[in-house]
Amino acid sequence: MDIIKPRIMKGTRDFLPDDMRVREHVIGIIKKRFETYGFSPLATPAMEYYDILTGKYGDEGEGLIFDLAYKGGKEVALKYDLTVPMCRVIAQYQDKIVMPFKRYQIQPVWRAEKPQRGRLREFFQCDADIVGVKDTAADTEIICLITDVMGDLGFEGSVTLVNHRKLLAGVMESIGIGEDRAAAAMRVLDKLDKVGEEAVRAEFSEAGFAAGAVDKLFSLTETTGNAAKDLSRMGRELSGGGLAAEAIGDLTKIFRLLAEAGIEPSRVSFAPRLARGLAYYTGPVFETVVTTPRIGSLAGGGRYDGVIGLFTGIDVPATGMALGLERIIEVVNDRGMFADAAAAEMVLVIAFGDAEMGQAMKIAHELRRSGVNTDVYTDGGKLKKKFSYADRTGAAKVVIVAPDELSRGVVKIKDMKTGQEKEVEVSRVRDSLGRP
RNA sequence: GUGGGUAUAGCUCAGUGGUUAGAGUGUCGGGUUGUGGCCUCGAAGGCCGAGGGUUCAAGUCCCUCUACCCACCCCA
């Protein structure tokens, strides 16, 4: 008989029990912080109609939509992110949703990527969004939330970079780079800190940008680490530009609120060169990064005031962010954190032989009813094997239900750590192992 | 889409062109028919990624393909 070769699609993962313990621990931290910020849970289907997803992410993003072959394709696709389906929900249930609407969502998304480290075809996003608020106070709340989650996770050295779509557009405008070439220029500029000035200059000249314009681009977007100062300087140098002025006003307010709210300045930084690829961003944009390991961004987000309007005809402002769960866990593992995110203590009940199985199950049921995590070894075989199982699954205590002891109305309880055994009356097992 | 690397046991990997391809780990069993870890003995488990070529001889050298990994781009 031919064996079916066990395998999974590239870019997807299995999560074995040890992985899941860490994962659920991390999800728990994130979820708890979302809840303390007043966000409510939401979930949407894995699949969406194709036209729900298209026309929102930009060309590059759209090419990565995971189309399904259903009815020949272009009919149904796996969701690419959590943001757009949420916008669909806002439009679809307007009678049930109270604005401002704050929801969080922890679900998988799919992208037809070529996978590599930190980049998967199926991955979990942890989104938190505020819908219906135009004021940048909402964006500030999102940045505070990211900062707090990073703090909860214990990530040293994580920084959230903040920029504004309209600021970059204004900068490009001011040096005579038209809208058609602005996106390309933004992308090249964004690489400055990664690949260095020389490489970026080369790329600009190759793309036909004048050296003078590039110089101006560099000097305009220079930062000192003091966001307020940098913003007012940019404001002076970009005077007159409507887009830039609006952006600088927004960003100035965000950084003022962050300071007043008491957010540690080292955790948030103004990054006028930050470009974000998704097309739907219209205002402030954020990206959270760590320097080690090199894993791309841990979180990303921004304001997208136009997406809901695509479903309703009336623009509804919205802002939010997505945490990349797998990348966060990659950092966690890289730094050796939460390695002991172990299971709750477990008791294993072993029946010596088939005759004792019923009694073993009865004892287990009593323990379970009193809230003790209890496993019963349901297979036959030698005691050696049963104890080996207890050892390898990390059982803290083993209850041995055997004929000799049972005839005297007792069972043995073994502490797997110390190896010590004691006899306990059958009726008192629960008292002996139960929680106080 | 571009550039690198890897492919041998379930897993991690050794293996100078030359008998019957190995180790560790995991699985099963024995050493102990009432007790785990440590130790010890044994067993099962391989189309050496696929196809072609060179050679007396290929896991080993060459070519093609495929798959996976890494980097770039972009993203979480």
Side-chain angles (χ1 to χ4, degrees), chain A residues 2-3 5-12 14 16 30 57-65 80-83 105-127 146 183-184 186-188 190-191 194-195 199 203 274-279 281 285-290 294-302 320-331 348 350-353 356 377 380-406 411-421:
Chain A
D2 274 351
I3 297 285
K5 193 182 179 189
R7 59 208 168 4
I8 56 173
M9 210 179 132
K10 70 174 166 186
T12 67
D14 292 314
L16 298 185
I30 294 168
Y57 303 116
D59 290 344
E60 281 140 8
E62 194 151 321
L64 297 176
I65 291 176
Y80 175 91
D81 70 358
L82 303 178
T83 306
Q105 200 169 339
I106 300 173
Q107 287 195 275
V109 300
W110 293 267
R111 294 183 188 179
E113 297 260 18
K114 194 171 162 182
Q116 58 184 263
R117 185 183 187 189
R119 181 137 110 228
L120 297 159
R121 284 184 167 177
E122 176 183 72
F123 63 97
F124 273 66
Q125 291 194 322
C126 313
D127 273 41
I146 299 178
M186 285 180 202
R187 234 172 297 134
V188 177
D190 188 32
K191 287 196 277 187
K194 293 172 208 159
V195 300
E203 202 168 331
L274 173 70
R276 301 233 78 227
L278 294 186
Y281 291 123
V285 289
F286 345 111
E287 182 168 303
T288 304
V289 295
V290 287
R294 281 195 61 208
I295 191 111
S297 51
L298 298 183
M321 62 91 183
L323 292 161
L325 184 62
E326 283 74 14
R327 286 187 182 175
I328 285 171
I329 288 169
E330 186 84 16
V331 175
L348 176 68
I350 288 174
F352 183 79
E356 291 77 32
Y377 195 91
K382 298 188 172 188
L383 268 190
K384 179 175 178 146
K385 196 171 174 185
K386 296 169 182 173
F387 272 94
S388 174
Y389 171 83
D391 185 48
R392 296 197 53 192
T393 55
K397 301 267 173 64
V398 173
V399 178
I400 308 129
V401 186
D404 285 1
E405 290 83 358
L406 219 45
V411 293
K412 267 187 186 164
I413 296 178
K414 177 167 181 169
D415 183 309
M416 290 300 284
K417 205 159 247 164
T418 64
Q420 288 188 332
E421 294 183 353

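Chain identifiers are assigned alphabetically (A, B, ...) following the order of the sequence lines, protein sequences preceding nucleic acid strands; residue numbering begins at 1 within each chain. We use all heavy atoms of the structure for the numbers below, so side chains are in, but hydrogens, waters and symmetry mates are not. Predicted model only: the values in this text are computed from it and were never measured.
Remark: A:Y389 pairs with A:D375 by the side-chain hydrogen bond (donor to acceptor under 3.5 Å, both in side chains) rule, at least two apart or across chains. Every residue meeting the salt bridge (Lys or Arg N to Asp or Glu O under 4.0 Å) condition with A:E60, not counting sequence neighbours, appears here in chain and number order: A:R187. Under the side-chain contact (heavy atoms from CB on, under 4.5 Å) criterion, A:L16 pairs with A:D19, not counting sequence neighbours. The side-chain hydrogen bond (donor to acceptor under 3.5 Å, both in side chains) check on A:Q105 picks up A:T44, A:R103, A:Q107, with sequence neighbours excluded. With sequence neighbours excluded, the residues that form a side-chain contact (heavy atoms from CB on, under 4.5 Å) with A:V289 are A:L161, A:E287, A:S297. Evaluation of the ring-ring contact (aromatic ring centres under 6.0 Å, His included) rule for A:Y57 yields A:Y80, A:Y280 as partners, not counting sequence neighbours.
Residue contacts shown for A:I328 are absent, as no nucleic acid heavy atom lies under 4.0 Å away. Residue A:D404 is classed as a base contact, given a heavy-atom separation below 4.0 Å to a base. Among the heavy atoms of the strands lying under 4.0 Å from A:G419 is at least one base atom, whether or not backbone atoms are also near. The residue A:E326 sits apart from the nucleic acid: no heavy atom pair falls under 4.0 Å. Within the nucleic acid shown, A:L323 has no heavy atom closer than 4.0 Å to any nucleic acid atom. Across all strands shown, A:R111 has heavy atoms under 4.0 Å from base atoms, whether or not it also approaches the sugar-phosphate. Residue contacts for A:E405: at a heavy-atom cut-off of 4.0 Å it reaches a base atom on one of the strands shown.
Along RNA chain B, the nucleotide nearest A:K10 and the nucleotide nearest A:L278 are compared for position; the residue whose nucleotide lies closer to the 5' end is A:K10.
Across B:U60 and B:U16, the matching C1' atoms stand 9 Å from one another, rounded to whole Å. Comparing the P positions of B:A43 and B:G52 gives a spacing of 35 Å, expressed to the nearest Å. With both ends at atom P, the span from B:G31 to B:A23 equals 24 Å, rounded to whole Å. Between B:C48 and B:U20, the distance separating the two P atoms is 14 Å to the nearest Å. Across the C1' atoms, B:U32 and B:C68 are found 46 Å apart, a figure rounded to whole Å. Between B:G49 and B:C39, the distance separating the two C1' atoms is 39 Å to the nearest Å. Look at the P atom in both B:C47 and B:A21: the space between them is 13 Å, to the nearest Å. Rounded to a whole angstrom, the distance from the C1' atom of B:U55 to that of B:G17 is 9 Å.
Taking atom OH on A:Y80 and atom P on B:C74, their separation rounds to 13 Å, with Å as the unit. Rounded to an integer number of Å, the gap from CE of A:M186 to P of B:C73 is 18 Å. In this structure, the CD atom of A:E113 is 9 Å from the C1' atom of B:A76, given to the nearest Å. The distance between atom CD of A:Q116 and atom P of B:C72, rounded to the nearest whole Å, is 7 Å. The NZ atom of A:K114 sits 12 Å away from the P atom of B:G4 (whole-angstrom rounding). The distance from atom CZ of A:R117 to atom P of B:A71 is 7 Å, rounded to the nearest whole Å. The distance from atom CD1 of A:I400 to atom C1' of B:G34 is 9 Å, rounded to the nearest whole Å. The nearest whole Å value for the distance from the CG atom in A:L120 to the P atom in B:A76 is 14 Å.
Screening A:M416, A:Q420, A:K414 for a side chain to side chain contact (heavy atoms under 4.5 Å, CB included) with A:T418, the sole residue that qualifies is A:Q420.
Distances shown here put every side-chain N or O of A:R119 at or beyond 4.0 Å from the OP1 or OP2 atom of B:C70.
Distance CG/A:L64 to CG/A:D81: 12.0 Å, rounded to 0.5 Å. To the nearest 0.5 angstrom, A:L383 atom CG is 5.5 Å from A:F352 atom CZ. Going from atom CG of A:L323 over to atom CD1 of A:I30 covers 5.0 Å, rounded to the nearest 0.5 Å.
On a pure distance criterion of 3.5 Å, a polar donor-acceptor pair joins the side chain of A:K414 and the base of B:G36.
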Scan nucleotides 7-12 of chain B against the protein and return all N/O pairs shorter than 3.5 Å with their distances rounded to 0.1 Å.
none

Could you list all N or O pairs between the protein and nucleotides 30-32 of chain B that sit under 3.5 Å apart?
{"residue": "B:G30", "atom": "OP1", "partner": "A:K382", "partner atom": "NZ", "Å": "2.6"}
{"residue": "B:G30", "atom": "OP2", "partner": "A:K382", "partner atom": "NZ", "Å": "3.3"}

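The strand RNA chain B forms stems, runs of 3 or more Watson-Crick or G-U wobble pairs with distances below 3.5 Å, at B:1-7 with B:66-72, B:10-13 with B:22-25, B:27-31 with B:39-43, B:49-53 with B:61-65.
The stretch residues 389-397 of chain A comes close to RNA chain B through A:D391, A:R392, each having a heavy atom under 4.0 Å from the strand.
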Between A:V331 and A:L298, is the side chain to side chain contact (heavy atoms under 4.5 Å, CB included) condition met? List the steps. CA-CA 9 Å; A:V331 175; A:L298 298 183; 3.8 Å; yes
A:F286 vs A:R276, side chain to side chain contact (heavy atoms under 4.5 Å, CB included): CA-CA, chis, key distance, verdict: CA-CA 8 Å; A:F286 345 111; A:R276 301 233 78 227; over 6 Å; no
Residues A:F387, A:I350; criterion side chain to side chain contact (heavy atoms under 4.5 Å, CB included); working and verdict: CA-CA 8 Å; A:F387 272 94; A:I350 288 174; 4.2 Å; yes
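A:F352 does not qualify as a stacking partner of the B:G34 base, lacking a centre-to-centre distance under 5.5 Å together with planes within 30°.
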For a quick test of your reading: what N or O donor-acceptor pairs under 3.5 Å do the side chains of residues 119-126 of chain A make, sequence neighbours left out?
{"residue": "A:R119", "atom": "NE", "partner": "A:E113", "partner atom": "OE1", "Å": "2.8"}
{"residue": "A:R121", "atom": "NE", "partner": "A:E113", "partner atom": "O", "Å": "2.7"}
{"residue": "A:R121", "atom": "NH2", "partner": "A:E113", "partner atom": "O", "Å": "3.3"}
{"residue": "A:E122", "atom": "OE2", "partner": "A:W110", "partner atom": "NE1", "Å": "2.9"}

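For residues 388-405 of chain A, the salt bridge (Lys or Arg N to Asp or Glu O under 4.0 Å) pairs, not counting sequence neighbours, are A:E405-A:K412.
Taking only side-chain atoms of A:E60, from C-beta outward, the nucleotide of B:C74, B:U35, B:A76 with the closest atom is B:C74.
Across all their heavy atoms, A:I146 and A:T288 have their closest contact at CG2-OG1, 3.1 Å.
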